[in-house]
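Encoded as structure tokens, the structure appears first; notes follow it.
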There are 2 protein chains.
Amino acid sequence: MRVLLVEDDRRIASDVVRALEAAGYVVETVRDGEEAWFRGDTEDYGAVILDLGLPGMDGLAVLKRWRANGRQMPVLILTARASWAERVDGIDAGADDYLPKPFRIEELLARLRSIVRRSAGHASSVVSSGEITLDERQMRVSVRGVPIAMSPLEYRLVAYLLRHRGRVVSQHELDENVYGHGEDHDSNALEVLIGRVRKKLGPDLIETRRGFGYLVPETPA
Amino acid sequence: MRVLLVEDDRRIASDVVRALEAAGYVVETVRDGEEAWFRGDTEDYGAVILDLGLPGMDGLAVLKRWRANGRQMPVLILTARASWAERVDGIDAGADDYLPKPFRIEELLARLRSIVRRSAGHASSVVSSGEITLDERQMRVSVRGVPIAMSPLEYRLVAYLLRHRGRVVSQHELDENVYGHGEDHDSNALEVLIGRVRKKLGPDLIETRRGFGYLVPETPA
DNA sequence: TGATCCATGTCAGCAAGGTGTCAGGTCGTT
DNA sequence: AACGACCTGACACCTTGCTGACATGGATCA
């Protein structure tokens, strides 16, 4: 799971990063509010750990803008200012939990697990289209219940398309989300990848919208 | 999507234009504030990228006048002067986002997508006239519920007409929004395109207003 | 170290689809 | 009737996306 850590104190940040990575998370760290807002608004994270005392833009303002834009990832707030009023502000702004500094790293991990679990309850971690099913927790793709082995890139492609099923996704958008920011568009690697996925999962999952991109249909029933 | 780029530095402008076009936008460029204000006030753009350091009329003044006139398109501000105060001024003037120079082109694209997505959140994604329905999320056109395959240009034409149903749309306006240029009128490409769409969707969707343009009727009930 | 496997990118060729042009036809307006 | 606006079918050209074959490169294991 990909986690965004927003923390300007380098010592705390490095401790937290070490603990999170040991616990199996993929962590990205930013140090100011501007950058935090931008990343959270344009990338997809499984959770965000947000320090309130930030240069650039206040943490609460960042959170409010994410929520105003419809971003729903769970957010855990850190702060030194631990008053009750502060806490209420955080919850009102859309935080899922709140952890006063100083804290023990184990408590942070516990709270993180808690909000991730809770938010998973809202959005199920298994989605499907037609006869294809994606289980994000197990990172497994199945056709009519039969698991199919997927390579890392193949999995990322299928996962992204299924998460955004019912919508046309452009090649450019796929490039960005499957590869890191790739723009070598003298390459047809993506098309080849699509072909390989189709060979494994059947030709009907991914529709081509010539000139626009690809579409995984939302199953009506 | 049609984008207005307001930038007086020719080198930056040409880089940005190249990237935007590669990403599928139709771009128009202007170099001074006067012209920018006029274009933004009289034309329809999906988004505006506005440099603040301009000859003719200050960028912020341009933006304020647009907003005062009720223009609501999303605006992304570029500037070399990256102070916090400047930024606040920009937001107060009605900008949707703010990008300090120098910037990486990928970041510009990401922020542009972000503000476009946000502003699109306000508009519904399915519209119809008579028996024809347009689903913008799926980029799909249906007749009485049956999906019809459309080419990119055909789709853009139908989408534009349906978004502006109930109003006569001139050939010139269509030229600008479906292709990206207004002036090659030794060609009847647009008429041919209209013909192809009629063949697919039936002759009743698009009415001809001889000498004025075309009209997609607003369904009474 | 070397053999092997797997994931992935590259390339060339192909088929189908998309689009502009043109020549002529139709229709409405004056 | 004459003119101009608009429509239509046919055709040629180019672009897009798909496919199979091959190259590369990293990981694994003997």
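Order of the sequence lines fixes the chain letters, A, B, ..., with proteins taken first and strands second; residue numbering starts at 1 for each chain. This one's a predicted model, so the numbers in the text were calculated from it and none came from an experiment.
- Applying the side chain to side chain contact (heavy atoms under 4.5 Å, CB included) rule to F212(B) yields the partners V168(B), R209(B); only residues at least two apart in sequence or on another chain are considered.
- Proximity of R140(B) to L215(A): side-chain heavy atoms (C-beta onward) are separated by under 4.5 Å at one or more points.
- An OP1 or OP2 oxygen of dG9(D) is reached within less than 4.0 angstrom by a side-chain nitrogen or oxygen of K199(B).
- At whole-Å resolution of the value, CZ in R210(A) and C1' in dA16(C) are 6 Å apart.
- For the pair T133(A) (side chain) and S128(A) (backbone), a donor-acceptor distance under 3.5 Å is absent.
- Distance from the side chain of S187(A) is smallest for dT10(C) among the nucleotides dC6(D), dT10(C), dG17(D).
- The nucleotide whose nearest atom lies closest to any side-chain atom of V192(B) is, among dC22(C), dG28(C), dT19(D), dC22(C).
- For R198(A) and dC18(D), the shortest distance from a side-chain N or O to OP1 or OP2 is below 4.0 Å.
- What separates CG of L215(B) from P of dC6(D) is a distance of 14 Å, to the nearest Å.
- The listed nucleotides are dT21(C), dC18(D), dC7(D); the one nearest the side chain of Y214(A) is dC18(D).
- One interatomic measurement links the two molecules: NZ of K200(B) to P of dG17(C), which rounds to 10 Å at whole-angstrom precision.
- Comment: E176(B) engages R2(B) in a salt bridge, judged by a side-chain N to carboxylate O separation of less than 4.0 angstrom.
- Regarding contacts with the backbone of dG9(C), a side-chain N or O of Y179(A) is found under 4.0 angstrom from either OP1 or OP2.
- Using a 4.5 Å heavy-atom cutoff, the side chains of L5(B) and Y25(B) are not in contact.
- At a cut-off of 3.5 angstrom, the base of dT16(D) holds no donor-acceptor pair with the side chain of N188(A).
- We find the CD1-CG distance between I12(A) and D51(A) to be 7.0 Å, quoted to the nearest 0.5 Å.
- For the pair E191(B) CD and dC7(D) P, the interatomic distance rounds to 6 Å; values are reported in whole Å.
- Listed nucleotides: dG4(D), dA7(C), dG20(C). Nearest to the side chain of S151(A): dA7(C).
- For the pair I206(A) CD1 and dG17(D) P, the computed distance is 14 Å after rounding to whole Å.
- Computed from coordinates, the E154(B) CD to dT19(C) P distance equals 7 Å when rounded to whole Å.
- Closest contact between the side chain of T208(B) and the listed nucleotides dT19(C), dC7(D), dC27(C) involves dC7(D).
- Atom CG in D175(B) sits about 12 Å away from atom P in dC6(D), given to the nearest Å.
- Base engagement by R196(B) is indicated by at least one non-hydrogen atom pair under 4.0 Å involving a base atom.
- Under the side chain to side chain contact (heavy atoms under 4.5 Å, CB included) criterion, R198(B) pairs with I194(B), I206(B), T208(B), Y214(B), sequence neighbours left out.
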> Given the rule that a pair is Watson-Crick or G-U wobble with both distances under 3.5 Å, how would you write DNA chain C in dot-bracket, using | for pairs to a different strand?
Replying inline: ||||||||||||||||||||||||||||||
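- No engagement by Y155(B) is indicated, since no non-hydrogen atom pair under 4.0 Å with the nucleic acid exists.
- Within 4.0 Å of L153(B), counting heavy atoms only, lie sugar-phosphate atoms of the nucleic acid but no base atom.
- Remark: L112(A) CG to I49(A) CD1 distance equals 5.0 Å, nearest 0.5 Å.
- Q171(B) has its CD atom 10 Å from the P atom of dA5(D), to the nearest Å.
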